[in-house]
**Q** 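Structure provided below as structure tokens; questions to follow.
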Amino acid sequence: MRRPPATILPNHLTRRTFLSSAATGLATATMAGHLGGNIPRNFPTEAGQEAADDFELLEISIADLQRGMISGKWTSQRLSELYLQRIAQLDGAGPMLRQILDQNPDAIRIAAGLDGERRAGKVRGPLHGIPIVLKDNVATADRMTTTAGSLALEGCQPARDAFLADRLRAAGAVLLAKTNMSEWANFRSSRSSSGWSSRGGQGRNPYALDRTPCGSSSGTGGAVAASFAAAGIGTETDGSITCPASAVALVGLKPTVGLVSRSGIIPISATQDTAGPIGRTVADVAALLAGITGIDPADAATRAAAPLSGVDFLSFLDPDGLKGVRLGVTRAHFTGYHDGTDRLFAQAIEALRQLGAVIIDPTDLPHAGEYDAAEYEVLLHEFKSGLNAYLAALPAGPWPRTLTEVIAFNERERATVMPYFGQETFLEAEARGPLTSPVYRRALAKCRRLSRTEGIDAVLMKHRLDALIAPTGNPPWPIDVINGDHFTGSVTTPAAVAGYPHITVP
């Protein structure tokens with residue numbers, strides 16, 4: 001649910017160089033500002049140094065993996081084995097990144113089957129044989145569990161795949177592991193620490209072990225950045241894809257609400273939730289997005305996105321695509337919170353201009369910040385309704401069936417489930433009424449009007465813009481489990497509340 005940081009690598013550095021710099025102690029600037037001179041020395045630690053430097057799949061793109069399988073350099077089975085070895089070296093050992101909650105015990109068998117299909121001349125598409133990771137709130141009907149990072153759902157194995165998980169299997173992806181996440185998608189407490197869950201502990205930023213990986217899709221971002229998989233799936237209500245992606249120099253896309261089905265995903269908000277891809281490159285994200293879109297009868301919002309169902313998003317990638325594109329710079333409320341961020345954002349604007357974009361500066365969003373309270377009211381109502389429905393549909397087992405029972409479990413297990421922060425957000429949600437409540441309806445109407453009609457829509461039309469640009473957010477802050485996250489700036493809320501897309505790019 002949370003709101004982010006953003007990153008951009010200087011032009012003379014590649015991501016591989018950035019990781020190598022981290023291993024040797026060189027500080028590298030990002031769009032979010034400097035990570036801190038002492039931080040990169042923490043990765044990967046002496047125990048993991050060799051694994052970090054010599055790993056043959058370090059920073060490999062999906063397209064490169066496909067070329068390697070076509071040439072016979074790798075098989076899907078070998079890729080899966082290598083990634084699992086990498087996880088063993090760096091997640092529960094070495095620097096102990098704590099980004100993985102479950103590994104798929106059938107991954108090697110599944111990968112071998114996909115290799116057999118390739119040998120027989122059947123390749124399903126760009127994801128065939130590619131190992132990816134999924135956030136732990138995306139249901140999979142296999143031997144992995146789906147728990148939102150909470151001990152309250154420990155051992156829970158849903159009866160059916162989430163729609164997007166089923167789509168990924170059909171596309172030939174290997175669902176390698178479930179990733180750690182901010183427990184309950186960072187919607188349990190206002191003082192939560194991004195990346196912490198009672199099941200997985202505190203996830204760590206692979207570039208800077210004492211810095212946040214941001215959340216709530218912290219494990220997906222951290223796992224992909226650490227080369228535990230080729231790419232991954234996160235979910236976002238407000239910043240939970242774009243924040244972790246930006247905090248670890250990845251591409252993260254929050255699609256338009258409805259482009260990707262939400263059925264089978266542990267919910268917060270029926271009007272703002274969406275799943276989306278996190279990867280190294282825009283091409284990786286495009287390939288993964290194509291694999292998860294589709295019309296789902298169980299999610300009515302997907303009907304509006306029917307024209308984009310099954311579209312090959314890779315076909316739209318164009319090196320000259322910025323020529324003549326009108327980009328509006330959104331400054332007020334979204335810059336000025338960090339000097340380093342502002343300097344690098346200025347460099348990014350100039351890079352866009354050099355690539356042919358028409359920069360309109362400023363094009364500030366009216367009403368920014370005026371609907372934050374209304375958004376929270378909407379989320380509280382929708383969380384209670386959505387979570388109760390999800391829990392009630394789970395297969396038989398010892399897990400809670402209502403938000404009331406989750407709250408009671410947390411109180412009983414306070415020592416392990418709430419050692420640092422509480423559940424005041426849960427208590428506020430429990431006190432809310434149904435979705436027919438006038439309070440909810442007024443709040444939702446306000447959000448839609450101010451974020452869409454009088455907000456983003458108005459600015460796009462006034463300046464004839466193709467898109468708005470701003471820094472995603474502030475630099476990754478030191479992990480603080482006592483006081484919680486330290487957000488100082490973020491641009492995620494307008495697109496989140498409107499249900500519109502938002503992408504963060506290195």
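As a basis for the values below, the full set of heavy atoms in this structure was taken, side chains included, without hydrogen atoms, waters or symmetry mates. Owing to the predicted nature of the structure, the values given are computational and were not obtained by experimental measurement.
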**Q** Measure across Ser261 and Leu164 and return the closest heavy-atom pair with its distance rounded to 0.1 Å.
**A** O-CD2, 4.2 Å

**Q** Side-chain contact test, heavy atoms from C-beta onward, threshold under 4.5 Å: evaluate it for Ile295 versus Phe163 and give yes or no.
**A** no

**Q** Is Asp115 reaching over with its side chain to a backbone N or O of Ser76, donor-acceptor style, under 3.5 angstrom?
**A** yes

**Q** Indicate whether any N or O donor in one side chain lies under 3.5 Å from an N or O acceptor in the other, for Thr274 and Lys254.
**A** no

**Q** List the atom of Val251, the atom of Thr281, and the distance in Å for their closest heavy-atom pair.
**A** CG2-C, 3.7 Å

**Q** Specify whether Tyr440 and His381 have parallel, tilted or perpendicular ring planes, treating 30° as the upper limit for parallel and 60° as the lower limit for perpendicular.
**A** tilted

**Q** Work out which heavy atom in Leu250 is nearest to a heavy atom in Arg280; give both atom names and the distance.
**A** CD2-CA, 4.0 Å

**Q** Quick check: closest heavy atoms across Gly195 and Ser182, and the distance to 0.1 Å?
**A** N-OG, 2.9 Å

**Q** Can you check whether Leu391 reaches Trp399 side chain to side chain, under 4.5 Å on heavy atoms?
**A** no

**Q** We want to know whether Ser240 and Ser216 form a side-chain donor-acceptor pair, criterion being a heavy-atom distance below 3.5 angstrom.
**A** yes

**Q** Any side-chain donor-acceptor pair under 3.5 Å between Asp299 and Thr302?
**A** no

**Q** For residues Pro158 and Ala139, report the shortest heavy-atom separation together with the two atoms involved.
**A** CG-CB, 3.7 Å

**Q** Using distance alone, with no hydrogens and no angle criterion, decide if Thr235 and Asn137 have a side-chain donor and acceptor under 3.5 Å apart.
**A** yes

**Q** Just wondering, do Ile407 and Glu430 contact through their side chains at under 4.5 Å, heavy atoms?
**A** yes

**Q** Sort out for me which residue in Ser218, Ser197, Ser194 forms a side-chain hydrogen bond (donor to acceptor under 3.5 Å, both in side chains) with Asn186.
**A** Ser194

**Q** Does a donor on one side chain sit under 3.5 Å from an acceptor on the other, for Asn388 and Thr402?
**A** no

**Q** Are Asp142 and Arg169 ion-paired here, with the side-chain N under 4.0 Å from a carboxylate O?
**A** yes

**Q** Regarding Gln77 and Glu81, do their side chains bring together a donor and an acceptor under 3.5 Å, going by distance alone?
**A** yes

**Q** For Leu84 and Gln103, which heavy atoms make the closest approach, and how far apart are they?
**A** CD2-OE1, 3.3 Å

**Q** Between Thr140 and Asp161, is there a side-chain donor-acceptor contact under 3.5 Å, judged purely by atom types and distance?
**A** no

**Q** Ignoring hydrogens and angles, state whether a donor on the side chain of Trp74 or Glu56 is under 3.5 Å from an acceptor on the partner side chain.
**A** yes

**Q** Would you tell me whether Arg188 and Thr425 have side-chain atoms, one donor and one acceptor, within less than 3.5 Å of each other?
**A** no

**Q** Could you check, using the six-membered ring where one of them is a Trp, whether Phe383 and Phe426 have ring centers closer than 6.0 angstrom?
**A** yes

**Q** Is it true that the side chains of Glu382 and Ser269 contain a donor and an acceptor less than 3.5 Å apart?
**A** yes

**Q** Taking atom types as modelled, find out whether Asp284 and Ser61 have a side-chain donor-acceptor pair closer than 3.5 angstrom.
**A** no

**Q** Going by atom types alone, do Gln99 and Asp91 pair a side-chain donor with an acceptor below 3.5 Å?
**A** no

**Q** State whether Glu183 and Arg199 are salt-bridged, where the test is any N-O pair (Lys NZ or Arg NE/NH1/NH2 against Asp/Glu carboxylate O) under 4.0 Å.
**A** no

**Q** Will you find, in the side chains of Thr220 and Lys135, an N or O donor that is under 3.5 Å from an N or O acceptor?
**A** no

**Q** Could you tell me whether the side chains of Ser193 and Gln202 share a donor-acceptor contact shorter than 3.5 Å?
**A** yes

**Q** Exactly one of Val123, Leu114, Thr75, Leu79 should register a side chain to side chain contact (heavy atoms under 4.5 Å, CB included) with Met69. Which one does?
**A** Leu79

